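Scroll down for the structure; my scribbles are underneath it.
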Amino acid sequence: MSFPTVSLQRVFSFPLLPLKNFNWHLTFARLFSSRSHYGRISAESFYTSLLEKSTHIIHLRQIHCQLYTHGLQNNGFIVTKLIHVTSNLKEIHYARHLFEEFPDQYVFLWNAIIRGYSMHNIFDKVVEMYSRMRQAFVSPDTFTFPHVLKACGSLLAKRYGRAVHAQIFRHGLEEAVFVQNGLLSFYVKCDDNNHARIIFYGLKNRDVVSWTLIISGYAQNGQYMEALSMFRDMRGSDVKPDCIALVSVLKAYSDVEELNQGRCLHSLVIKMGHEFEPDLRIALTSLYAKCGQVTAAKSLFDQMKFGDVILWNAMISGFAKNGHANEALELFTEMISKSIQPDAVTIQSSALASAQLGSLDQARWMDNYVKNSKLGGDVIVSTALIDMYVKCGSVELARDVFNRTVDKDVVVWTAMIMGYGLHGWGREAINLFNEMKDAGVHPNDVTFLALITACSHCGLVEEGWEFFISMKDYGIKPCQKHYAGVVDLLGRAGYLERAYNFIMTMPVEPGVSVWGALLSACKIHRSVTLGEYAAEKLFNLDPLNTGHYVLLSNLYASARMWGGVAKVRVLMKSKGLNKDLGYSVIEIDGKLQAFRIGDKSHPRSDAIYKKLEWLEMRLLESGFAPDTESALHDLDKEDKEVTLCNHSERLAIAYGLISTSPGTTLRIIKNLRACVNCHLATKLISKFVNREIVVRDANRFHHFKDGTCSCGDYW
DNA sequence: ATAGGGTTAG
């Protein structure tokens, strides 16, 4: 069979296209020199070369026209190639046009158009074309199935995928490793590990892709042990892991925060000479960051000269998740200054960092940045912004973001419900929940957690209890957090016995969060015996958590049991634990200023203390009588700080008063829970200085105004 | 011409 040929003379007589970056003469010269037969080359190789150099749709249209000029429009080889290049240039509609006008499409043409849709993730079209192909009685081959299976997996089209599996079987392709890996990938995406395993063990020749698929399949399902034992099996086989396989295993280690195993894999990476592979760098950076090894992560990050967005994201989220909010935000601005385009994930992590910082100015800046970027429409970005505004003290601005979010999913609704709850607006939370149901969005487990917490924060005991009971109507099984939420709801309201009985009827073993909620309720209501019981459980379950010891100590102190206080102190010393020092942060002109108890480090210290004296005087005039606990004498200095409330909050208020114009809202963030005395004092202060004071404590928000607090003294 | 991985909200 002889291919149609095009003489070079005729080629040169084509009208040459005046296009930039497209040197026809050079193309011909290259063709010419690579041929032994001067003058004549096959049309196939000529157009292949031409198409490989095409960079614009205009080139393709011209080539398409030329095919007609030379009667080559029905040359399957060339048109297939044309469809390929057209798809590569994202001109999928034009590719489809080329396909449709071709007479008698055969398997090559079908594969080309299916590939085109597949590579641009237009999966419903992949399935549509595959169905049409079968209706046309064209037999799919080993090149068709991988695309079709990818589409089925991405669409989670389980039934269709099973049918495709059957067709693969009928075509006798059970030995084709590409097709079988496609099936493996399909079952992994559909969370069907049983079938994935059957395919994997049925494979005669497993390649590195098969191994990677089965490992990441287990990891995605949370079956980390199986994933890692698969990796061991792989090491025992004759298939050598490549970069992608190593990245998958590293991810499994980072997800379970297995730092030591991860380190071993790091040395394997070095041994195999992959340490400078960018993708492995990212995986390693992420591993160290997730395991809290921020310094190690940063040094890996710094060694990368040309990092892409994902590397920056890994580092920013690593900082943000480990409480290094400032470093995270510094990286974010550095990234922008280096003209690396942030994406939705970058915003997410940076918004998380802003939320931790608690600075409303910073939050507004992030919001503005998003508004001016193309990322505003992203639901995940909106959710992150809502949570950020909520944690920076502004439910109103959070609501603005919420209102302008189109296509609200359950996570956005839940974030907003949670926001209302955090600020003590339980009724608004419940109303929003009803709106959400009216909008046809189904609540999930986190939604109910948000509702129970919201009710708990403002004493809506029966409402909260009803939400807990109604979970089963939605087919949602409560987990530890829900049980802890209910214990908090009941206990905080003073129903300690009901809370205890509730714990006793739990179908699962109560965990740290449940006992912690009970102990904290016991502290509020000074129930020593039950509190000691809860503390004992906590010391067994979680012996190194400072918070539990402090709670018990405070419980003893509130009941004036100084022996108990001393006992806890000794216990803590024996475990080498120290109390967290209290501090308060206030934002003035976008700058955060932290104060500790008795802090005199600020340059304006004299003025601050003068204002503080004035505040104390006015407080006494307003009838502020510190709780009698304040007169405690049996406590050492440190215990007094905690019991009396550390005065950092009042220092921050004093600084705020002298640094802002009258009427400005003061926004304060503290690391510990609000104490009784400070809460009372701040209420009074808000009245006589005529300011709104917003305080974020370790647990929730308080809005002080006109002598009252939004929490209704219930926290 | 076809398959696997890395960042990810409440």
Side-chain angles (χ1 to χ4, degrees), chain A residues 80-81 83-85 87-88 107-109 111-112 114-116 118-119 140-150 153 176-186 188-189 207-217 219-220 241-252 254 277-287 289-290 307-318 320-321 342-349 351-352 355 378-388 390-391 409-419 421-422 443-447 449-450 453:
Chain A
T80 303
K81 193 80 195 171
I83 293 177
H84 257 260
V85 177
S87 313
N88 291 348
V107 64
F108 263 52
L109 270 294
N111 285 350
I114 286 175
R115 169 189 175 273
S118 165
M119 76 185 297
D141 63 10
T142 52
F143 288 91
T144 321
F145 286 118
H147 292 126
V148 178
L149 289 165
K150 178 187 164 197
V177 71
F178 267 88
V179 178
Q180 294 299 313
N181 283 346
L183 272 173
L184 195 50
S185 165
F186 163 72
V188 162
K189 277 190 195 134
D207 64 5
V208 64
V209 177
S210 323
W211 282 103
T212 308
L213 275 165
I214 198 76
I215 290 170
S216 60
Q220 277 164 37
D242 64 1
C243 286
I244 298 181
L246 289 170
V247 164
S248 314
V249 183
L250 269 175
K251 164 134 170 78
S254 0
E277 199 61 44
D279 298 343
L280 271 167
R281 279 278 156 142
I282 295 170
L284 284 166
T285 305
S286 174
L287 167 84
K290 275 186 192 158
D308 66 353
V309 193
I310 298 181
L311 176 67
W312 286 79
N313 289 350
M315 199 59 238
I316 292 175
S317 81
K321 280 181 183 161
D343 64 5
V345 180
T346 322
I347 303 294
Q348 230 170 280
S349 307
L352 179 68
D378 191 302
V379 202
I380 296 184
V381 168
S382 293
T383 312
L385 292 182
I386 290 169
D387 187 55
M388 170 188 77
V390 162
K391 291 191 176 137
D409 65 4
V410 63
V411 187
V412 182
W413 285 96
T414 304
M416 197 62 233
I417 291 172
M418 216 164 225
L422 205 60
N444 63 15
D445 52 338
V446 190
T447 317
L449 187 61
T453 315

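In what follows, chains are A, B, ... by sequence order, proteins preceding strands, each numbered from 1. Just so it is clear, the model here is predicted, and its values are computed rather than measured.
- Residue A:Val179 is classed as having no contact, given no heavy-atom separation below 4.0 Å to the nucleic acid.
- Counting any heavy atom pair closer than 4.0 Å across all strands shown, A:Lys321 reaches sugar-phosphate atoms only and no base atom.
- Nucleic acid contact class of A:Ile380 (heavy atoms, under 4.0 Å, all strands): base.
- Nucleotides of DNA chain B that come within less than 4.0 Å of any heavy atom of chain A span, from the 5' end to the 3' end, B:dA1 to B:dG10.
- Judged by distance alone, with hydrogens and angles left aside, the side-chain atoms of A:Ser87 form a donor-acceptor pair with the main-chain N or O of A:Ile83 at under 3.5 Å.
- When the side-chain contact (heavy atoms from CB on, under 4.5 Å) test is applied to A:Leu311, the partners found at least two apart in sequence or on another chain are A:Ile282, A:Thr285, A:Phe301, A:Met304, A:Asp308.
- If you check every strand for non-hydrogen atoms under 4.0 Å, A:Asn88 touches nothing.
- In this structure, a donor-acceptor pair under 3.5 Å is absent between the side chains of A:Ser248 and A:Thr212.
- For A:Lys81, the side-chain contact (heavy atoms from CB on, under 4.5 Å) partners are A:Thr48, A:Leu51, A:Glu52, not counting sequence neighbours.
- Within 4.0 Å (heavy atoms only), A:Asp387 reaches sugar-phosphate atoms of the nucleic acid but no base atom.
- When all heavy atoms of A:Ala384 and A:Gln348 are compared, the pair lying nearest together is CB-CA, 4.0 Å.
- Counting non-hydrogen atoms under 4.0 angstrom, A:Asp378 reaches nothing in the nucleic acid.
- A:Asn313 places a side-chain heavy atom less than 4.5 Å from the side chain of A:Asp343.
- Residue-level contact check: A:Val381 touches neither bases nor backbone, having no heavy atom under 4.0 Å from any strand.
- Looking at heavy-atom distances under 4.0 Å, A:Phe145 makes no contact with the nucleic acid at all.
- Within 4.0 Å (heavy atoms only), A:Ser248 reaches sugar-phosphate atoms of the nucleic acid but no base atom.
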